[in-house]
Student: 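Here you go, one structure.
A note on names: the letters A, B, ... follow the listed sequences, proteins ahead of strands, and every chain is numbered from 1.
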Protein chains: 2
Amino acid sequence: MKHEADPEDAEPSSSTQVAGGEAILRGKATINDVARLAKVSKKTVSRVINESPFVKQKTRDAIKAVIAELGFTPDPQARALARRKSFLVGLVYDNPSPQYVVNIQRGILDALEGTDFQLVLHPCDRSKPDHVARIQSFIQQHKPFGLILPPSVSEDEPLALALNEADVDYVRIASVELDTPSRMIRTLDGDGGAAAGRHLADLGHRHIAHIHGPLSFRSTHERRAGFERALAETGLVLRPEMAVEGGYTFEGGVVAAEHLLAQPNPPQAIFAGNDEMATGAYVAVRRAGFRIPEDISIVGFDDTPIAGRLWPALTTVRLPIREMGSAAATLLLQTADGMTAKKLITFSPEIIVRGSTAAPEAP
Amino acid sequence: MKHEADPEDAEPSSSTQVAGGEAILRGKATINDVARLAKVSKKTVSRVINESPFVKQKTRDAIKAVIAELGFTPDPQARALARRKSFLVGLVYDNPSPQYVVNIQRGILDALEGTDFQLVLHPCDRSKPDHVARIQSFIQQHKPFGLILPPSVSEDEPLALALNEADVDYVRIASVELDTPSRMIRTLDGDGGAAAGRHLADLGHRHIAHIHGPLSFRSTHERRAGFERALAETGLVLRPEMAVEGGYTFEGGVVAAEHLLAQPNPPQAIFAGNDEMATGAYVAVRRAGFRIPEDISIVGFDDTPIAGRLWPALTTVRLPIREMGSAAATLLLQTADGMTAKKLITFSPEIIVRGSTAAPEAP
DNA sequence: TTCGAAAATGTCACCGGTGTCAATCCTAAT
DNA sequence: ATTAGGATTGACACCGGTGACATTTTCGAA
């Protein structure tokens with residue numbers, strides 16, 4: 001394939017002379033090179049890059065051809081500087097469960113693949129008083145295109161407020177709205193809790209306990225409320241002494257389950273607010289000498305990989321975490337596309353029945 | 001505190017007029033503002049920011065004072081553009097174990113905290129033929145300051161070669177050197193394998209099996225070699241039919257263990273090349289009706305969180321993964337500091353004895 | 001006191017894009 | 001043919017720093 005012959009239209013900018021059969025140095029061309037070769041101003045090239053509708057089709061095609069030929073890629077840093085907005089998507093998280101975080105990451109990366117955006121990690125410690133300030137300064141400095149906030153960061157009202165003030169877009173992943181309006185991926189945690197309750201009730205359990213997360217998490221209440229609702233439908237109630245907090249952690253789950261088992265009338269079934277705590281419950285139950293599921297049934301929540309790795313495998317409520325991450329990123333990017341941005345996408349949980357639940361044995 | 005009175009030295013650049021008692025807009029000042037207030041050229045300010053030694057102490061102090069007063073922070077994008085080098089550290093990974101990845105991430109973030117660098121995730125699929133090209137284009141576009149390569153990406157010789165060509169710094173986390181010299185965090189996987197072997201031998205086991213990772217991973221061979229070496233010291237040998245591949249995955253571990261147990265003379269103890277496979281072995285062993293550790297002892301490798309969550313808890317070989325991630329990032333950043341960059345940091349594994357191993361029961 | 005080299009500091013273009021607004025090109029209506 | 005008004009395109013400054021090199025200080029040695 002021949003290039004045009006104009007003697008001036010030669011090589012991409014920097015007059016690097018390279019010996020003989022050099023591999024085409026794709027990718028190092030700049031917008032100026034493209035403009036020169038296409039015989040238009042760099043501004044027009046810029047318009048094409050940014051898909052401005054105000055470029056004649058013919059011009060656009062010509063420029064695109066040059067871009068392809070040169071393997072031109074706009075420089076993210078330069079663009080960021082000029083626009084005062086980088087191509088970074090920040091994942092701001094503070095979640096006790098690594099599995100959860102990894103899956104969210106994967107989902108986001110799925111959605112970001114092929115775009116110009118990069119995922120940067122920004123863990124945050126909500127127990128520190130300056131956590132909001134830190135995030136603000138991150139935003140001021142790096143000017144991320146947007147943020148994704150999974151729980152429990154997503155439930156931080158002061159943070160949401162600060163974010164609305166700041167110049168960032170963000171998407172929350174949470175089970176409930178905040179007072180501050182914002183775009184979000186909503187999970188129907190209540191339905192999940194209900195599914196768990198119904199499953200146990202259907203199996204014939206009558207004496208059921210619950211290990212819940214920290215009271216400061218909205219999801220804790222959602223899951224429990226759904227659970228109690230389902231029990232109520234069968235005429236059951238969750239007795240106060242059968243509801244214990246497990247902090248959403250493995251260790252918390254162990255302690256909580258031990259507490260339950262130490263009572264005069266231990267439960268036949270336990271619904272843990274997440275898989276981590278359910279895993280802890282496994283340990284406590286075994287230590288106490290009970291069998292799963294023959295003596296005690298256990299249900300978890302999240303369906304993290306560990307659920308399938310336990311023995312017997314854990315019956316749990318699955319949230320499509322990876323898909324949620326992906327949806328969150330997609331939602332975030334819609335602003336970029338100028339598309340009519342949806343405000344809310346809802347995901348429903350689904351109960352995955354495995355080996356940790358069974359009908360209670362006849363006494 | 002009063003400012004100087006010169007009528008011109010007023011507000012930071014952009015003549016935004018704000019009504020009355022505005023909160024001091026810290027952080028939005030630019031290098032020009034600093035230069036003006038400090039009555040020096042922006043270049044000198046730049047020198048201070050970059051800790052150039054060629055600035056008089058007095059000047060430096062004055063400028064630092066202004067920087068502090070203004071809450072000035074240099075703009076990463078602008079710096080990146082001018083230097084042709086961004087402030088991103090890329091984590092290029094392709095690891096079947098999410099736990100591993102998360103811990104590496106944490107370690108890196110520990111080290112990056114307080115610096116100007118940000119961590120960006122760059123998963124990569126080594127099974128795709130263009131994976132090196134993709135990474136190259138990532139580098140060309142985003143000009144990351146450096147990359148961190150955990151296994152198995154760290155064992156990719158072609159990638160290392162390409163990286164040496166490209167304009168990036170990188171640190172490998174691996175158990176062995178590559179032909180291409182590079183800075184690295186080395187783990188003595190062989191010693192870990194040996195520790196596992198010694199532990200089982202010391203307990204009195206004589207009939208021991210091994211589930212190893214993919215043959216394409218160097219660590220697979222390292223771990224196995226160390227293991228066999230330790231057995232040899234006790235006069236034991238790993239019989240060929242007692243060594244099965246488990247692909248470093250849970251499912252692979254299940255299948256491999258089933259294979260071992262189906263043999264006419266099943267092993268008394270199993271050393272799995274990582275915790276994922278050990279977890280799989282748990283399931284297979286249970287399914288086959290054996291007890292852990294009474295009938296069969298199991299040892300893992302990595303000490304990922306799941307090890308402590310199993311019942312009984314898994315005896316395993318621990319690598320300080322988080323610390324390794326941190327060390328890798330620190331090593332990478334040393335170039336920035338102009339410090340004498342170390343080339344190699346070695347981490348030794350340590351066996352963590354928990355409940356999954358015991359002396360074989362008298363037959 | 002004078003001079004020269006080292007130490008400090010400044011100048012100015014440039015990194016590779018985008019925003020603003022003016023200039024030019026078209027097309028249909030007059 | 002002429003012209004108004006929208007469609008295209010271009011000119012130019014600017015985003016906020018850094019690199020290369022010039023200029024000015026500074027200070028000990030002559």
Student: Between B/Arg84 and B/Arg60, name the one whose nearest nucleotide on DNA chain C is closer to the 5' end.
Tutor: B/Arg60
Student: Distance criterion of 3.5 Å, no angle test: do you see the side chain of B/Arg47 paired donor-to-acceptor with the base of C/dG10?
Tutor: yes
Student: Please determine, by modelled atom types, if B/Gln136 and B/Glu165 share a side-chain donor-acceptor pair under 3.5 angstrom.
Tutor: no
Student: Let's see if you can work this out: which of C/dA8, D/dT9, C/dT18 has an atom nearest to the side-chain heavy atoms of A/Thr44?
Tutor: D/dT9
Student: Charged N to carboxylate O below 4.0 Å: is that the case for A/Lys28 and A/Asp33?
Tutor: no
Student: Taking salt bridge (charged side-chain N to carboxylate O under 4.0 Å, His left out) as the definition, give me every residue that meets it alongside B/Asp167, ordered by chain and number, with sequence neighbours left out.
Tutor: B/Lys85
Student: When we call it a touch if two heavy atoms are under 4.0 Å apart, what does A/Val45 touch: a base, just sugar-phosphate, or nothing?
Tutor: nothing
Student: Mapping B/Arg79 and B/Lys56 to their closest nucleotides on DNA chain D, which lands nearer the 5' end?
Tutor: B/Arg79
Student: Below the 4.0 Å mark, does C/dG10 have OP1 or OP2 next to a side-chain nitrogen or oxygen of B/Ser41?
Tutor: yes
Student: Once you round it to whole Å, what is the distance between C1' of D/dG16 and CG of B/Leu70?
Tutor: 14 Å
Student: Does A/Lys43 get its side chain close enough to the base of C/dG19, under 3.5 Å, for a donor-acceptor pair?
Tutor: yes
Student: Considering just the side-chain nitrogens and oxygens of A/Ser46, establish if one lies under 4.0 Å of OP1 or OP2 belonging to C/dT18.
Tutor: yes
Student: Just compare C/dT9, D/dG17, C/dG17 and give me whichever is closest to any side-chain atom of B/Val55.
Tutor: C/dT9
Student: I'd like to check the ring-ring contact (aromatic ring centres under 6.0 Å, His included) partners of B/Tyr93; sequence neighbours left out, ordered by chain and number.
Tutor: none
Student: Report the distance from atom CG of B/Asn50 to atom P of C/dT9, rounded to the nearest whole Å.
Tutor: 15 Å
Student: Between the base of D/dG17 and the side chain of B/Lys42, is one N or O donor paired with an acceptor at under 3.5 angstrom?
Tutor: yes
Student: Distance check needed: D/dC15 C1' versus B/Asp33 CG, whole Å only.
Tutor: 13 Å
Student: Hey, which of these two, B/Phe54 or B/Lys143, hits DNA chain C nearer its 5' end, going by closest nucleotide?
Tutor: B/Phe54
